[in-house]
Amino acid sequence: MALRMWASSTANALRLSTSASKSSLVSPAFSLSRAFSTVLEDLKYASSHEWVKHDGAVATIGITDHAQDHLGEVVFVELPEKGKEVKQGSCFGAVESVKATSDVNSPISGEVVDVNTKLSESPGSINTSPYEEGWMIKVKPSNPSELGNLMGCKEYTKFCDEENAAH
């Protein structure tokens, strides 16, 4: 019994799950849990710590688990309106936490077709579920080849490890 409780508490501390994901947005075949931050295999990552999931004609964008972990408790989110054009590497919004305010950059260019308005009332969703309920915008990509400029999960994990070692 004690071993089961230890394993359960360890799994919770490491954000590991034995149950299938309930979200249709993210149901990875594989994820890497790196020092309490999760990196999902089926996403692409920018060096500014945003993720993108390209699915058909739409790409969903948010900030990574690594980013939210470094920001701390998110208390306010500023997002663009539908119809706005975003450009790869340019700011489209901001996230304010108890520690700092950070710009959020778009990992790809395109037109904003949906905005997660629930973040206005529940900005903490970025902390509790950065890849599911914490998504920020959905974009119709104007240049899908830009996805090739982004990192996969292994590259992003290495990038974060190197970044952490430098600090």
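- Of the possible donor and acceptor atoms, none in the side chain of Ser129 sits under 3.5 Å from a partner among the backbone N and O of Ser125.
- Both tests hold for Lys138 against Trp135: distance to the six-membered ring centre under 6.0 Å, angle to the ring axis within 45°.
- A donor-acceptor contact shorter than 3.5 Å links the side chain of Asn116 to the backbone of Glu133.
- Minimum interatomic distance between Thr128 and Pro130 (heavy atoms only, all atoms of both residues): C-CD, 3.8 Å.
- By the rule that hydrophobic residues join a cluster once side-chain heavy atoms approach within less than 4.5 Å of another member, Val95 and Trp51 end up as members of separate clusters.
- Of all non-hydrogen atoms in Pro141 and Ala59, the two that sit nearest each other are CG-CB, 4.1 Å.
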Go through the steps for Thr60 and Val52 under the test side-chain contact (heavy atoms from CB on, under 4.5 Å), then give the verdict. CA-CA 5 Å; Thr60 304; Val52 60; over 6 Å; no
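- Interatomic distance, Lys53 NZ to Leu40 CG, rounded to the nearest 0.5 Å: 8.5 Å.
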For Leu119 and Ile126, what are the C-alpha separation, side-chain angles and deciding distance, and is it a side-chain contact (heavy atoms from CB on, under 4.5 Å)? CA-CA 8 Å; Leu119 293 178; Ile126 290 174; 4.0 Å; yes
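- Under the 3.5 Å distance criterion, the side-chain polar atoms of Gln68 are matched with a main-chain donor or acceptor of Asp65.
- To the nearest 0.5 Å, atom NZ of residue Lys44 and atom CG of residue Leu150 are 6.5 Å apart.
- There is a path of hydrophobic side-chain contacts, each under 4.5 Å, that joins Ile61 to Ile63.
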For the pair Tyr131 and Leu43, evaluate side-chain contact (heavy atoms from CB on, under 4.5 Å) and give the outcome as yes or no after the intermediate values. CA-CA 9 Å; Tyr131 301 115; Leu43 304 179; 3.5 Å; yes
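- Checked by atom type, the side-chain pair Thr64/Tyr156 shows a donor-acceptor distance below 3.5 Å.
- Annotation: ring-ring contact (aromatic ring centres under 6.0 Å, His included) contacts of Phe159 (sequence neighbours excluded): His49.
- Rounded to the nearest 0.5 angstrom, His66 NE2 and Asp69 CG are separated by 8.0 Å.
- Checked by atom type and distance alone, the side chain of Ser106 pairs as donor or acceptor with a backbone atom of Ile108 at under 3.5 Å.
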Table please: side-chain donor-acceptor pairs of residues 71-89 below 3.5 Å, with sequence neighbours left out.
{"from": "Gln88", "atom 1": "NE2", "to": "Pro107", "atom 2": "O", "distance (Å)": "2.8"}
{"from": "Gln88", "atom 1": "NE2", "to": "Glu146", "atom 2": "O", "distance (Å)": "3.4"}

Run the numbers on Asn105 and Glu50 for side-chain contact (heavy atoms from CB on, under 4.5 Å), then give the verdict. CA-CA 7 Å; Asn105 298 323; Glu50 293 85 16; 4.0 Å; yes
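- Tyr45 places no side-chain N or O within donor-acceptor distance of the main-chain N or O of Val39, the cut-off being under 3.5 Å.
- In terms of hydrophobic clustering, with Ile, Leu, Val, Met, Phe, Trp and Tyr side chains grouped at heavy-atom distances under 4.5 Å, Val115 and Val139 are assigned to a common cluster.
- Taking CG of Asn127 as the reference point, atom OG of Ser122 lies at 11.5 Å (rounded to 0.5 Å).
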